[in-house]
Student: 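Mind having a look at this structure? Questions to follow.
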Amino acid sequence: MSVLAVDGGRPVRAVGLNYGRQSIDEHDIAAVADVLRSDWLTTGPKVAEFEEKVCGLTGARYAVAVNSGTAALHAMMHTCGISDGDEVIVPAMTFAATANAVRYCGGTPVFADVDPNTLLLDPNSVNERLSPRTKAFIAVDYAGQPAPYDTLENIASSNGLTVLADACHSLGATLAGRLVGTLAKMTAFSFHPVKPITTGEGGMVCTDELAYATAARRFRNHGIDFDQRERDSKGLWSYEMVDLGYNYRLTDIQSVLGSRQLEKLPLWIKRRNQLADFYVNAFKELPEIESLFRVPNSSHGFHLFVVKLDLERLSVNRDQVLRALRAEGIGANVHYLPVHLHRYYRDRGHGPGLCPNAERAYEQIITLPLFPTMSDEDAQDVVDSVYKVIGAYRR
Ligand SMILES: *Cc1c(COP(=O)(O)O)cnc(C)c1O
């Protein structure tokens, strides 16, 4: 057996492979350059065009562009009226921003556990966390797979609560034929470079309700009731700030990139699924590696390809497997440390034992490289490296 690179052996890859990466082509670059030569760098026509395109792709009636996924989550919390003392249920297995958005509005994130097979929010745990102060849930489409929105909606409607979606992983995915963007009262998307499409930084709030869309539009623009282009077109000079908002505006430079990227999304999702199928197949013969469960009747965006290690069969822990994979040139990663275990939330009374499924999964999970422009050879390098590392650490 060959010596692991982490022990001084020859790495599988000379050039490292990151776990995710943007795909930008010359058409994208030319479209951005055109905007730079135009009159509108921000709050111009490209923003509205991008919003319309996102509505077209998701089937949502309204889309409001903002400058990050975090801003989209914040706008969602604000527009559904979260304030001091309100509780919002969030899954423990997510990026910290999901919970932080609740804090921005003075609310308390209440961490619910996840299904150990999918790492999606577990409706049973949500039921256990309900209190008279609960106002909403934010479901997260972990790795690109839609959360169980039907069950969550049943719990919400019988308790007068709002279901919101953190779909930062799942643009273009579907559940029972329904598109992500229409599965919750409001949906947040992110366009960070590793996400399904990118605008550098960027985000979007989608909703079918005009009142939410109007409030989110105001919120991204200082709480002012008109944007500049609206004012110009109406010949108005005055404006009024009617709410406390922020500058969360997305630029036209970013929006045009987003529109170009959207055109390629269907092909990219197809490629991501192809690569994921290749991995699942390749790891079938490897009992130390378990792929996450795929929900039937749903299509997966495969933002992330996550496997769980069967630690009983290995002589080392997850961190050592990760180190060894990285030494082979495979940019493996971990998504995520459960949010309630971050220092900030531990300092606020949370800690181990709160969400046992998420905590156990955290010890086992590894994210392997997956992005649309990866070649078949890249994917084979990942598989070879996993076999090499697992082979060396098999009990
Ligand atoms: C990326 C991400 C965010 C934050 O999006 P940004 O655009 O980076 O602000 C929020 N939630 C989840 C689940 C994410 O993956």
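In this chain, residues are counted from 1 in sequence order. Start at 1 and go down the list; that is how both ligands and their atoms are numbered.
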Student: Are the side chain of Glu201 and the backbone N or O of Asn67 linked by a donor-acceptor pair below 3.5 Å?
Tutor: no

Student: Taking 4.0 angstrom as the limit and counting only heavy atoms of Gly69, give me the atoms of ligand 1 inside it, by number and element.
Tutor: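 That gives atoms 5 (O), 6 (P), 7 (O), 9 (O) of ligand 1.
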
Student: Identify the closest protein heavy atom to atom 15 (O) of ligand 1: which residue and atom is it, and at what distance?
Tutor: His169 NE2, 2.7 Å

Student: On a heavy-atom basis, I'd like to know which of Cys168, Ser170, Gly203 is closest to atom 10 (C) of ligand 1.
Tutor: Cys168

Student: Under 4.0 Å, heavy-atom basis, I'd like to know which part of Asp166 is in contact with ligand 1: side chain, backbone, both or neither.
Tutor: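 Within the 4.0 Å criterion, Asp166 contacts ligand 1 through side-chain atoms alone.
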
Student: For Lys195, counting its heavy atoms only, list the atoms of ligand 1 lying under 4.0 Å from any of them.
Tutor: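 Near Lys195, meaning under 4.0 Å from one of its heavy atoms, ligand 1 has 1 (C), 2 (C), 3 (C), 5 (O), 14 (C), 15 (O).
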
Student: With nothing but distance in play, are any N or O atoms of Thr94 less than 3.5 Å from an N or O of ligand 1?
Tutor: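 There is no such contact.
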
Student: Between Lys135 and Glu87 (salt bridge meaning N to carboxylate O under 4.0 Å), is one present in this structure?
Tutor: no

Student: When the ring planes of His169 and His303 are compared, do they come out parallel, tilted or perpendicular, using 30° and 60° as the limits?
Tutor: tilted

Student: Counting only heavy atoms from other residues, nucleotides and ligands, does the tally under 6.0 Å from NZ of Lys185 exceed 12?
Tutor: no

Student: Could you check atom 9 (O) of ligand 1 against the protein and tell me its nearest heavy-atom contact, residue, atom and distance included?
Tutor: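 The answer is Thr70 OG1, 2.5 Å.
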
Student: How about Tyr336 and Tyr362: are their ring centroids closer than 6.0 Å?
Tutor: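 Tyr336 vs Tyr362: aromatic centres not under 6.0 Å.
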
Student: Do you know which two heavy atoms are closest between Val90 and Leu121, and how far apart they sit?
Tutor: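 Closest heavy-atom pair between Val90 and Leu121: C-CD1, 4.5 Å.
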
Student: Closest non-hydrogen protein atom to atom 5 (O) of ligand 1, residue and atom name please, with distance?
Tutor: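 Its nearest protein heavy-atom neighbour is Ser190 OG, 3.4 Å.
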
Student: I'd like to check which ligand 1 atoms, numbered from 1 as shown, lie under 4.0 Å from a non-hydrogen atom of Leu73.
Tutor: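 Answer, ordered by atom number: 10 (C).
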
Student: Which atoms of ligand 1 are found less than 4.0 Å from any heavy atom of Tyr336?
Tutor: 15 (O)

Student: Classify the ring geometry of His74 against Tyr248: parallel below 30°, tilted from 30° to 60°, perpendicular beyond 60°.
Tutor: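 Ring orientation of His74 relative to Tyr248: perpendicular.
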
